[in-house]
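Just below is one structure, and these are the notes that go with it.
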2 protein chains.
Amino acid sequence: MKKIALKDIAANFGVSISTVSKAVNDSHEISKELKEKIQKYAKEHHYRPNHVALSLLKKNTKTIGVIVPNILNYFFTLVFYGIEKTANSRGYSIISCISDESYLKELKTVELLSTGTVEGLILSLSEETQAKGNVEHLQNLIENQIPLVMFDRVSEEVDCDKVVVDDFEAGYKTTKHLLKTGCKRIVIVSAIYNSSVGKLRVDGYKKALKENGVEYDERLIVEVRKNDDLQLLISLLLDNKEIDAIIALDEITAVDTLNILKSKDIEVPKEISIVGFTNGRLSKYVSPALTMVSQHGQYIGEQAANILIDRIEKEGDMPYTTKLVKTSLIERDSTKKILGNSSSY
Amino acid sequence: MKKIALKDIAANFGVSISTVSKAVNDSHEISKELKEKIQKYAKEHHYRPNHVALSLLKKNTKTIGVIVPNILNYFFTLVFYGIEKTANSRGYSIISCISDESYLKELKTVELLSTGTVEGLILSLSEETQAKGNVEHLQNLIENQIPLVMFDRVSEEVDCDKVVVDDFEAGYKTTKHLLKTGCKRIVIVSAIYNSSVGKLRVDGYKKALKENGVEYDERLIVEVRKNDDLQLLISLLLDNKEIDAIIALDEITAVDTLNILKSKDIEVPKEISIVGFTNGRLSKYVSPALTMVSQHGQYIGEQAANILIDRIEKEGDMPYTTKLVKTSLIERDSTKKILGNSSSY
DNA sequence: CTGAAAGCGCTAACAG
DNA sequence: CTGTTAGCGCTTTCAG
């Protein structure tokens with residue numbers, strides 16, 4: 001049985017296409033008898049109105065595009081899940097693309113989608129795009145009136161709605177917590193040295209140090225590049241500087257760091273505390289379970305989707321908003337407990 | 001600047017729409033001068049042919065639908081990644097839906113997509129659908145000539161292309177490996193007791209036992225239900241039966257099991273070996289690192305996408321195929337090493 | 001070389 | 001109550 005169209009039903013009953021259209025849509029303009037006959041026939045033949053034709057006619061596709069840099073990263077998986085969930089509940093499908101951290105793929109995808117396929121776009125910048133700073137493709141998008149919501153990895157040069165983690169506050173809060181547990185020489189290990197996100201966290205870290213009268217030592221900020229040996233970097237750190245805490249800016253680095261410390265028989269958190277960013281699947285299963293900063297990925301996705309769909313559906317232009325999502329520190333066993341309230345802090 | 005259509009360009013130059021169409025498509029029918037003028041104008045105004053109109057006309061959307069039960073499961077994330085990658089490389093976009101293990105959502109999604117939006121569908125059954133065994137919606141799909149590829153959680157009642165893990169062989173291979181390391185009382189802990197996948201693995205397990213003259217003891221097959229306490233189940237097992245190996249049918253259960261054993265001061269693998277299914281992100285970071293069965297999720301996704309697109313593009317109907325993807329045992333530190341070749345096995 | 005007309009599947013205003 | 005017509009944006013014969 002091939003796909004069936006209004007035309008076919010019309011031919012079958014010897015009536016016009018518009019009559020059939022009205023009948024299947026249960027219009028009051030059509031006689032009960034005819035309507036029932038047609039509807040029965042339609043059901044039996046699995047008639048389904050062609051979505052593409054409707055999109056063309058109504059000029060809405062009920063579809064939004066989502067571009068994430070790397071779906072294997074649990075944070076993005078969570079965001080994606082949040083987007084899908086709320087988009088779906090609001091009647092939208094999503095076309096999803098993975099830019100694989102490549103500028104070119106991001107560009108191609110944006111161009112492909114901005115062609116009437118989707119009514120709006122949710123995007124987090126690829127690493128390469130961020131490094132290059134080339135966001136013309138996104139500016140075109142908003143020039144062409146296609147709603148865009150950026151999340152997490154955003155660009156200041158693009159004027160659109162944004163949902164971002166409050167990374168500054170996260171860096172600040174995390175550092176302050178470590179200070180409160182008695183740590184003073186706090187290292188940051190970052191594999192995302194050239195992202196806005198990474199910089200903000202370090203800024204928050206600096207502020208916390210300053211407020212607590214701890215001097216900032218730039219040698220404690222360690223950048224891990226693609227082919228660097230984390231083991232080596234940490235060894236150097238341990239040999240040359242007294243340190244008592246490590247903040248890892250991503251989960252894998254946090255776990256790796258933990259394992260390296262364990263292999264050197266350093267007790268966590270007694271000798272060195274560890275806090276990691278991005279509360280994912282690993283942290284609670286390693287031992288000691290890692291204290292992590294949760295970014296509420298799913299919530300971010302839900303927010304992004306709601307903001308986008310609101311903008312698609314509301315007429316008149318509301319001003320662009322930037323939503324700051326606060327992080328939570330999930331305390332586990334890789335950090336010391338804060339001393340009682342009566343402590344000297 | 002609003003979206004611009006052929007009509008607008010035509011009006012601007014006082015020529016007909018079809019002329020503009022030909023010009024932007026660089027047809028030889030149009031004079032060089034006019035073509036250049038029009039192309040220049042089109043480029044300046046970011047003209048992009050409306051994808052929806054083209055889809056309607058050409059009757060192809062260059063889009064495929066993907067329905068996964070649960071994207072937070074790393075295996076599915078991997079499959080999804082594989083699908084996206086190859087679909088993209090072959091010029092297809094993907095509309096992705098998460099059924100959230102719900103029959104109703106799966107049904108709704110299939111109906112939504114089978115309406116001309118996508119040219120084909122890749123799907124893994126939701127838990128609920130599998131339990132219910134209701135696959136009418138999928139049979140309708142193939143009746144309506146919409147290509148379907150099922151992967152991992154498939155149904156025998158649906159006649160379509162399939163890509164499945166060779167779970168029987170996986171169960172067999174894993175068990176055999178454990179036997180070779182000297183284990184004899186091997187437990188299977190399963191949270192997927194009513195899936196085809198789970199059953200096949202147990203069947204493979206039985207075969208391996210039989211071949212090696214080890215008697216099958218059904219009390220060693222432990223089913224973990226949603227609200228069951230794994231800790232308790234394992235304690236019972238340890239108390240009442242001599243056991244020396246545990247096969248966990250999913251990664252979380254494997255890690256949980258490991259932690260439970262560790263908390264009871266049972267040495268892994270010296271006293272009890274552990275093998276888990278689905279090599280995900282956790283296994284290599286816990287200690288001891290877990291020996292796991294890898295199912296090559298990304299490869300499965302790639303295969304599924306290729307098979308689907310082949311079927312979409314080839315005319316004439318080729319017979320349906322079922323592709324069996326072999327698993328690999330990733331040996332880490334939760335199992336004993338196999339004794340030298342000179343051993344008595 | 002350029003344009004008119006038809007049509008992809010559907011809806012909606014307007015006649016009959 | 002039913003049908004005719006126009007049109008969503010585009011391509012593609014077929015005339016001119």
Side-chain angles (χ1 to χ4, degrees), chain A residues 2-39 41-42 45-63 112-119 144-146, chain B residues 2-39 41-42 45-63 112-119 144-146:
Chain A
K2 279 285 328 171
K3 228 178 288 177
I4 187 175
L6 289 185
K7 194 166 57 168
D8 306 312
I9 306 184
N12 182 271
F13 288 97
V15 297
S16 80
I17 292 176
S18 56
T19 302
V20 178
S21 168
K22 285 169 187 160
V24 297
N25 288 312
D26 212 26
S27 158
H28 54 273
E29 289 183 31
I30 306 294
S31 71
K32 215 167 182 174
E33 292 170 83
L34 219 201
K35 234 161 55 173
E36 275 167 5
K37 271 202 307 192
I38 290 181
Q39 285 176 1
Y41 184 90
H45 290 253
H46 298 118
Y47 168 74
R48 316 233 73 215
N50 182 316
H51 191 258
V52 178
L54 283 177
S55 293
L56 180 58
L57 189 65
K58 300 257 189 67
K59 286 163 154 299
N60 72 34
T61 55
K62 285 285 182 188
T63 305
L112 176 70
L113 294 185
S114 64
T115 212
T117 328
V118 299
E119 294 185 55
N144 282 17
Q145 317 254 44
I146 299 176
Chain B
K2 280 287 324 175
K3 226 177 291 175
I4 188 175
L6 288 185
K7 192 166 58 168
D8 306 312
I9 306 183
N12 182 271
F13 287 98
V15 297
S16 80
I17 293 176
S18 53
T19 303
V20 179
S21 169
K22 286 167 186 162
V24 298
N25 287 314
D26 212 28
S27 158
H28 55 272
E29 289 182 35
I30 306 294
S31 72
K32 214 166 183 177
E33 289 171 83
L34 219 202
K35 234 161 55 174
E36 276 168 5
K37 271 203 306 190
I38 290 181
Q39 285 175 1
Y41 185 90
H45 290 253
H46 299 117
Y47 169 74
R48 317 230 73 213
N50 182 316
H51 191 256
V52 178
L54 284 178
S55 293
L56 180 58
L57 190 64
K58 301 256 189 67
K59 286 163 155 299
N60 72 35
T61 56
K62 285 286 183 187
T63 305
L112 176 69
L113 294 184
S114 64
T115 213
T117 328
V118 300
E119 295 184 53
N144 282 16
Q145 318 254 42
I146 300 175

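First the proteins, then the strands, lettered A, B, ... as listed; each starts at 1.
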Subject >> Rounded (10°) bend between the five-pair end axes of the helix from dC1(C)-dG16(D) to dG16(C)-dC1(D) >> reply: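 Taking the rotation axis at each end, their angle is 60°.
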**OP:** Find the distance F13(B):CZ to dG3(C):C1' and express it as a whole number of Å.
**Re:** 17 Å
Subject >> Interatomic spacing from OG in S31(A) to NZ in K37(A) - rounded to 0.5 Å >> reply: 8.0 Å
Original post:
Taking atom OG1 of T19(B) and atom CD1 of I30(B), what is their separation to the nearest 0.5 Å?
Top reply: 5.0 Å
Original post:
For dT2(C), does OP1 or OP2 lie under 4.0 Å from any side-chain N or O of T19(B)?
Top reply: no
Subject >> Heavy-atom pair of closest approach, residues G116(B) and V52(A) >> reply: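 Result for this residue pair: O-CG2, 3.4 Å.
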Original post:
Looking at L112(B) and T117(B), what are the two nearest heavy atoms and their distance?
Top reply: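 Smallest interatomic distance, heavy atoms only, reads O-OG1, 3.6 Å.
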Original post:
Among pairs that include at least one residue of residues 10-29 of chain A, which meet ring pair (Phe, Tyr, Trp, His ring centres under 6.0 Å), considering only residues two or more places apart or in two chains?
Top reply: F13(A)-Y41(A)
Side chain of [X], backbone of [Y]: donor and acceptor closer than 3.5 Å?
| X | Y | result |
| --- | --- | --- |
| Q145(A) | K3(B) | no |
| S21(B) | I17(B) | no |
| T115(B) | P49(A) | yes |

Original post:
Nucleotide range of DNA chain D contacted by chain A, 5' to 3', under 4.0 Å to a heavy atom?
Top reply: dC1(D) to dG9(D)
Subject >> side chain to side chain contact (heavy atoms under 4.5 Å, CB included) partners of Q39(B), counting only residues at least two apart >> reply: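 Partners of Q39(B) under the side chain to side chain contact (heavy atoms under 4.5 Å, CB included) test: D26(B), K35(B).
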Subject >> Under 4.0 Å protein heavy-atom contact, by nucleotide of nucleotides 7-16 of chain C - B base, S sugar-phosphate only >> reply: BBBBBBB---
Original post:
What does V15(B) touch in the nucleic acid at a heavy-atom separation under 4.0 angstrom: a base, only the sugar-phosphate, or nothing?
Top reply: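 Sugar-phosphate only.
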Subject >> Qualifying residues under salt bridge (charged side-chain N to carboxylate O under 4.0 Å, His left out), relative to E36(A), sequence neighbours excluded >> reply: none
